[in-house]
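Have a look at this one before I ask anything.
The analysis underlying the following values was restricted to heavy atoms, covering all of them including side chains, and did not include hydrogens, waters or symmetry mates. In this chain, residues are counted from 1 in sequence order.
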Amino acid sequence: LKPFWFKGRIAVADRFRAWSSAMKVVRDSKFRHVFGEAEKAKYEDLRVASKQTEANGIRCNSKYLCFPWESGGGGTLAVIPQTKTGRQARDLPLITGHTGPILDFEFNPFDENMLISASEDLTMKLWQIPDEGLKQHLKEPLATLEGHGKKITFSTFNRSANGIVASTSFDMTTRIWNITEQDEAFRMEMPEQVMHLKWNYLGSLLATTSKDKKLRIIDPRQSKFACEAKIHEGAKASKIEWLGGTSVTDDNFKLVTTGFTAQAERQIGVWDMRKFASTDDLQEPLNMLMLDQGTGALFPYFDHGTQMLYVAGKGDANVRYFEADAADPYLHYISDYRSTVPQRGFDFVPKRCVNVNKHEIMRGFKLESGAVQPVSWKVPRKSELFQADLFPDAPAGVPSMAADEWVGGAECRAPALQSMEPGKASDAAKASPGASVGVVSVKELKKQLAEANAKIEALEKENGLLKTEIAQLKESQKS
């Protein structure tokens, strides 16, 4: 027989476990101790352009960082190799080909030396950066894309298909371009001015937020809206990012938006596009987080491998980071990186570029008024071995399908992946279709035309000499 007090002790133990579970504030997560820190080496003495845009403000990849440079005339961009830290020269070589301010720009995810820029001069231009970086001003673009009737606000590369670019403009259209053909492939009339534009993970759909406070999902190859919903009540610009990833298929229907309430409070909303109802009323989110009374737009960036969301606001001096979850509440706040200097923009490197030996799970560049500050996020672990749970396979930076396949309506394929373990990166680039875009610049075409004309002229001269010789032979035979 058990003592009379045994049942009472079980009851006390059960109550203690229930109390412990209720009071457990911190989730069990391998990322709960992630911390962000500024690196010592930074880029200084920069003349950052003061013009405000709706875009990120800075772009980076594994080789370069790019941002608008202050100039008296048309828009200019500075492209600095990441290895060149410290004070920058005042006569820095720039990209100077536009006649109007540049409103957006982005590196090609499959060619780290290629950059696209969108401008108020109604054009988008492709630029080829030399391997050693710019040594002189770059005025001649690789190609110019024309068609929009008003200033172009956004341009962004497809992350799966090679050579596919989406753009949107004040002419109330969103257009898809095949840069291999240097021509427009699809067009969509928009009911309102677009405030942000993002491809989904597969590269099959486009998400937009608009001035009418609505989120719209575009099926670009069908030139139609898949769905739409009113998301935030505030009049200020809202921004968007897709969730999901390599293995969580269900979450590829989910999105995160940042926006404002009618009282100008900043919000982060989580949505499932399958639950959007055909109504003009405010839609019910999966979750809505209230942040603060800040004035700047919040730019979300999602890491599909770690399922972490980073949110940086223009004018803020911090970057919040969250962990996404398939279950309610869908987003879990972890912490934030804080500094004393406000940011004009923020961008993150491709995941394959982080330093796995230092357990670095993300790296970004913070644009300040006269400098660029690299910021690193790390997981504190004592082991020096490769941490497979922190570094799942990441996009390899090579296309998974060619442009003509995508334009032709082929089923979209997820980005090609590579191992993050040192020395085990895959050979995806060798097997990938259309690893290079194959764009021929006007300068190169002119050179090829000049060479062809010179060859024709030489052949015509040779032909004339042969005709003369034949005529002389005929005359000698007659005599």
Pair Glu184 + Arg187, salt bridge at N-O below 4.0 Å: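 A salt bridge is present here (some side-chain N lies under 4.0 Å from a carboxylate O).
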Identified side-chain contact (heavy atoms from CB on, under 4.5 Å) partner of Leu145 from the options Asn178, Asp183, Ile179, Ile152: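 So the option named by the test is Ile179.
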Heavy-atom donor-acceptor pair, Arg47 side chain to Ser71 backbone, under 3.5 Å: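 Not confirmed, Arg47 side chain does not pair with Ser71 backbone.
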Plane angle bin for Tyr201 and His304 - parallel if under 30°, tilted between 30 and 60°, otherwise perpendicular: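 If you compare the ring of His304 with that of Tyr201, the planes turn out tilted.
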Residue pair Lys358 / Ser376, side-chain donor-acceptor N/O under 3.5 Å: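 Side-chain D/A pair, Lys358 to Ser376: absent.
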Ring centroid separation Phe105 to Trp127 under 6.0 Å: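 Between Phe105 and Trp127, the centre distance exceeds or equals 6.0 Å.
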By ring-ring contact (aromatic ring centres under 6.0 Å, His included) - contacts of Phe260 (at least two apart):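 Partners of Phe260 under the ring-ring contact (aromatic ring centres under 6.0 Å, His included) test: none.
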Arg59, His98, Glu106 screened by side-chain hydrogen bond (donor to acceptor under 3.5 Å, both in side chains) with Ser117, the one that passes: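 With Ser117 as partner, side-chain hydrogen bond (donor to acceptor under 3.5 Å, both in side chains) holds for just one option, His98.
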Candidates Lys214, Gln267, Arg266 - the one meeting side-chain hydrogen bond (donor to acceptor under 3.5 Å, both in side chains) with His232: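 Among Lys214, Gln267, Arg266, the one meeting side-chain hydrogen bond (donor to acceptor under 3.5 Å, both in side chains) with His232 is Gln267.
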Whether over 12 other heavy atoms sit under 6.0 Å from Glu189 CD: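 More than 12 within 6.0 Å, yes.
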Carboxylate-amine/guanidinium contact Asp336 Arg338, below 4.0 Å: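 Yes.
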Worked check of side-chain hydrogen bond (donor to acceptor under 3.5 Å, both in side chains) between Ser400 and Ser160: CA-CA 5 Å; Ser400 58; Ser160 177; 2.6 Å; yes
Pair Arg352 + Glu112, salt bridge at N-O below 4.0 Å: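 Result for this pair is yes, salt bridge flagged.
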Glu462, CD atom: more than 12 neighbouring heavy atoms under 6.0 Å: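 For Glu462, atom CD is not crowded (no more than 12 foreign heavy atoms under 6.0 Å).
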Salt bridge flag under 4.0 Å for residues Glu192 and Lys213: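 Looking at Lys213 together with Glu192, the answer is no, because their closest N to O distance does not fall below 4.0 Å.
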Contact check, side chains of Ile95 and Lys125, non-hydrogen atoms, under 4.5 Å: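 No, too far: nothing below the 4.5 Å cut-off.
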Distance-only side-chain donor-acceptor flag, Ser210 / Arg216, under 3.5 Å: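 Indeed, the side chains of Ser210 and Arg216 share at least one donor-acceptor pair under 3.5 Å.
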